[in-house]
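Keep in mind that the numbers below use all heavy atoms, side chains included, and drop hydrogens, waters and symmetry copies.
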Amino acid sequence: MSARTWRGAAAGLALGLALSAAALACGERTSELAGAAPARSAMSAPLQILEDADRRASDEAVPETSPVFDGRTLRLRAARGETLGITVWQRAPGEVTLQMAARELKVTGYEVEWAPVTRPSTAMYGGSRGAASYVDGLVPAPRPTGSPVYFDLAVSADAPPGRHLGTLTASAATASGTAPAAATAATSATTSVAVELEVLDVLLPAVGARPLVWAYYDPRELAWQHGLPAGAQLGGFDPLELEKRCAAMFRAHGVLATPELTAELWPRRRELLAGARFVPVLLPTEDGALAEAARFWEQALAAEDQLAFAIPIDEPRQLDRKMKVRALADQVAAARRATGTSRLRLAVTDAPHAVYGDAVDIFISPYAISRQPATGAGAGALRFTYNGNPPYAGSMVLDAGNFDLRTWGWIGWRWSVPLWYVWDALYWHDRHNAKRMGLPRPGRAMSPRDSVTFDDGGDHGNRDGVLALPGPRETPCLPTLRLKALRRGLSDRLLLDAASCTPATRAVAARLALRLIPFALGDAASVGLTPPVTASAWYAARQQLLDLAAQCTRQETGDGGARSPSPRPLAAPAGSP
């Protein structure tokens with residue numbers, strides 16, 4: 001188990017998790033975790049389109065206005081190489097399609113599933129928006145039906161800059177005639193929306209090329225889900241294929257998904273770590289094994305210039321456990337000296353402490369990262385963070401704030417976080433609390449009636465440790481809107497880099513980040529909760545970053561002289577909420 005100091009967790013009722021591959025192929029709502037669409041207050045307009053992964057709760061009204069949709073035209077802007085997301089709401093749910101004319105623009109549609117929160121996440125997670133149903137799960141569908149539905153719009157790296165056109169068509173079911181509702185004939189009211197996408201001359205690297213987020217998972221979750229013996233082939237099917245498909249889905253969202261690795265696991269999984277700067281590993285405990293491990297990882301990672309790090313003791317709160325961490329750190333350092341190697345590091349999910357001295361190589365804690373110069377024990381160590389809890393960082397539980405996970409990219413850029421650690425991404429069974437609940441492993445499964453996933457008897461959180469939902473073998477990990485929000489934030493981090501080509505433009509980007517996220521991580525320890533960033537502020541900030549990045553492109557290509565930019569105000573565009 002890992003990383004729960006300020007996140008807590010929870011468990012739901014035990015039910016199965018499998019999806020039907022045949023039903024998925026037909027575009028039906030297939031997840032056994034899908035709750036019934038809740039009753040909502042009526043929308044005033046027949047159609048509303050919101051930017052990215054807008055995660056409304058059932059008791060929250062759909063905004064009357066949108067920064068990207070004026071009721072007739074959907075207007076979007078994007079850099080080459082990034083993926084946009086839009087959420088489409090209808091007053092009368094029906095089928096929605098999105099088509100773009102250019103081949104360099106790829107559209108992927110999703111039906112959106114609701115998940116109930118009956119026990120709000122506890123304060124350890126930073127609070128909750130309350131008991132309600134929340135949109136979250138995503139099931140791929142070329143012509144998604146429902147309200148809302150979600151679309152990814154991927155802009156290829158070779159997309160030509162300029163204006164690209166498309167059409168969004170929504171067919172809402174309506175009733176006709178005077179007979180009782182059950183016998184009324186159904187008709188369809190079709191709304192056609194013009195789509196205008198401006199592709200700027202800004203090229204971003206793939207969001208997963210150099211992942212800055214690591215999401216741990218236990219491979220047994222996939223085996224349990226599909227009835228496979230962990231680590232063994234069954235009927236000619238290799239369970240590692242499930243991991244590869246899941247890892248690819250996460251990497252497309254900017255996340256490195258991998259279990260902690262050993263020398264034995266490395267040969268079959270090394271391709272999944274391509275491009276990653278840091279490789280999580282298990283520390284061997286046998287006598288003399290540390291030196292052998294140091295030699296192995298030196299040889300295995302040298303070509304990619306990667307570092308291996310191990311977290312042998314999680315959250316050592318007691319002094320004796322801190323002392324064990326210190327002893328292990330000394331052993332790792334001795335193994336490096338004895339072998340002349342340098343690629344194995346010892347990490348701890350804790351802040352610096354006098355017991356550690358300078359022996360610990362990596363501290364993984366929000367409290368370890370500050371914009372103030374590092375001082376005291378471990379001042380020269382690397383500093384990562386993990387999970388999230390306001391005001392330190394946005395939370396990833398289901399009932400967290402609408403845009404909580406988007407903050408990670410901005411915080412990561414502003415505080416120069418080398419790696420963000422997600423305790424678990426596929427916590428589909430509460431395996432850690434099975435014994436306490438009197439259940440055999442794998443423990444209580446997720447439920448469509450209660451979204452609590454980890455429950456230690458005190459704190460609990462909804463879909464804690466779950467960034468993807470179980471699917472069929474073809475798509476064993478289905479994304480969530482929370483994962484889409486995380487991708488948006490990581491793409492924003494790439495835009496912040498692209499907009500920082502000169503001291504002047506970087507200063508503007510830094511002021512923009514300061515305005516949105518004034519406090520986080522260790523600098524938020526003495527700060528109360530701050531108001532969440534609004535949808536219109538996120539929108540305006542991203543528009544400014546796109547403009548800055550486009551200016552950088554012009555300066556680098558010689559098309560336009562350098563000039564000192566001035567930030568546009570973060571006021572909402574006309575008509576935005």
Side-chain angles (χ1 to χ4, degrees), residues 2-3 209-216 219 243 247 251 256-316 321-365 368-369 374 376-386 416-421:
S2 177
R210 190 76 161 169
L212 297 169
V213 173
W214 163 47
Y216 165 83
E243 291 191 56
R251 186 64 81 95
L256 172 69
T258 178
E260 295 159 306
L261 300 176
T262 62
E264 292 73 27
L265 294 176
W266 177 251
R268 299 190 71 211
R269 287 175 171 81
R270 64 182 305 167
E271 65 183 271
L272 305 181
L273 279 295
R277 181 182 173 192
F278 302 102
V279 176
V281 304
L282 284 174
L283 198 66
T285 56
E286 301 82 4
D287 291 341
L290 268 177
E292 182 180 349
R295 282 190 290 265
F296 174 83
W297 291 115
E298 183 73 22
Q299 181 179 10
L301 304 181
E304 295 289 338
D305 193 24
Q306 295 170 311
L307 284 178
F309 70 96
I311 312 171
I313 298 178
D314 180 50
E315 297 184 342
R321 291 178 62 79
K322 294 181 188 291
M323 294 175 68
K324 288 181 180 179
V325 171
R326 171 59 189 263
L328 286 168
D330 289 338
Q331 292 176 39
V332 170
R336 290 199 302 258
R337 291 193 299 270
T339 58
T341 59
S342 62
R343 295 188 185 276
L344 179 61
R345 298 283 191 272
L346 186 128
V348 62
T349 44
D350 197 5
H353 190 278
V355 170
Y356 303 139
D358 293 325
V360 171
D361 302 305
I362 302 173
F363 292 101
I364 307 178
S365 169
I369 300 177
L382 284 170
R383 294 169 190 240
F384 302 166
T385 191
Y386 67 111
S416 302
V417 178
L419 188 71
W420 205 300
Y421 165 31

> Going through the checks in order, is the side chain to side chain donor-acceptor pair (under 3.5 Å) test met by T349 and D314?
Replying inline: CA-CA 6 Å; T349 44; D314 180 50; 2.9 Å; yes
> Rounded to the nearest 0.5 Å, how far apart are CG of L419 and CG of L382?
Replying inline: 10.0 Å
> Taking side chain as C-beta onward, heavy atoms only, is P312 less than 4.5 Å from V325?
Replying inline: no
> With sequence neighbours left out, what residues match W297 under ring-ring contact (aromatic ring centres under 6.0 Å, His included)?
Replying inline: W266
> Looking only at heavy atoms, what is the nearest atom pair of R251 and L256, with distance?
Replying inline: NH2-CD1, 3.4 Å
>> When you measure from the side chain of D361 to the backbone of A347, do you find a donor-acceptor pair of N or O atoms at a distance under 3.5 Å?
In response: no
> Is the closest side-chain heavy-atom distance between L212 and V417 below 4.5 Å?
Replying inline: no
> In Å, rounded to the nearest 0.5 Å, how long is the span from OG1 of T385 to CD1 of I369?
Replying inline: 5.0 Å
> Taking all non-hydrogen atoms of both residues, which atom of A293 and which atom of P284 are closest, and how far apart?
Replying inline: CB-CG, 3.7 Å
>> Quick check: closest heavy atoms across R345 and I362, and the distance to 0.1 Å?
In response: CB-CD1, 3.9 Å
> Atom CZ of R336 and atom CD of Q331: how far apart are they, to the nearest 0.5 Å?
Replying inline: 12.5 Å
>> Apply side chain to side chain contact (heavy atoms under 4.5 Å, CB included) to residues L307 and L344 and explain how you reach the verdict.
In response: CA-CA 6 Å; L307 284 178; L344 179 61; over 6 Å; no
> Where is the tightest heavy-atom contact between A359 and A329, given as atom of each residue plus distance?
Replying inline: O-CB, 3.6 Å
>> Using the ring-ring contact (aromatic ring centres under 6.0 Å, His included) criterion, which residues pair with F384? Sequence neighbours excluded.
In response: F278, F309
> When rounded to the nearest 0.5 angstrom, what is the spacing between CD in E243 and CZ in R268?
Replying inline: 8.5 Å
> Checking salt bridge (charged side-chain N to carboxylate O under 4.0 Å, His left out) for the pair D358/R326: CA distance, chi angles, key distance, verdict?
Replying inline: CA-CA 9 Å; D358 293 325; R326 171 59 189 263; over 6 Å; no
> Any donor and acceptor pair, going by atom type alone, linking the side chain of R269 with main-chain N or O of T258 inside 3.5 Å?
Replying inline: no
> Is there side-chain contact between L283 and V332, with heavy atoms separated by less than 4.5 Å?
Replying inline: yes
> When rounded to the nearest 0.5 angstrom, what is the spacing between CD1 in I311 and CG in L282?
Replying inline: 10.0 Å
>> With heavy-atom distances below 4.5 Å as the criterion, would you say the side chains of V281 and T262 are in contact?
In response: no
>> So, taking the atom named CG in D350 and the one named CZ in R321, what distance separates them when rounded to the nearest 0.5 Å?
In response: 10.5 Å
> Pick one: which of R277, R343, R210 meets salt bridge (charged side-chain N to carboxylate O under 4.0 Å, His left out) with D305?
Replying inline: R343
> Taking all atoms of both residues into account, what is the closest heavy-atom pair of P316 and Y356, and its distance?
Replying inline: CG-OH, 3.3 Å
> Hey, does the side chain of E298 reach the backbone of S342 with a donor-acceptor pair shorter than 3.5 angstrom?
Replying inline: yes
>> Can you give me the closest heavy-atom contact between Q306 and G275, atom names plus distance?
In response: NE2-N, 4.4 Å
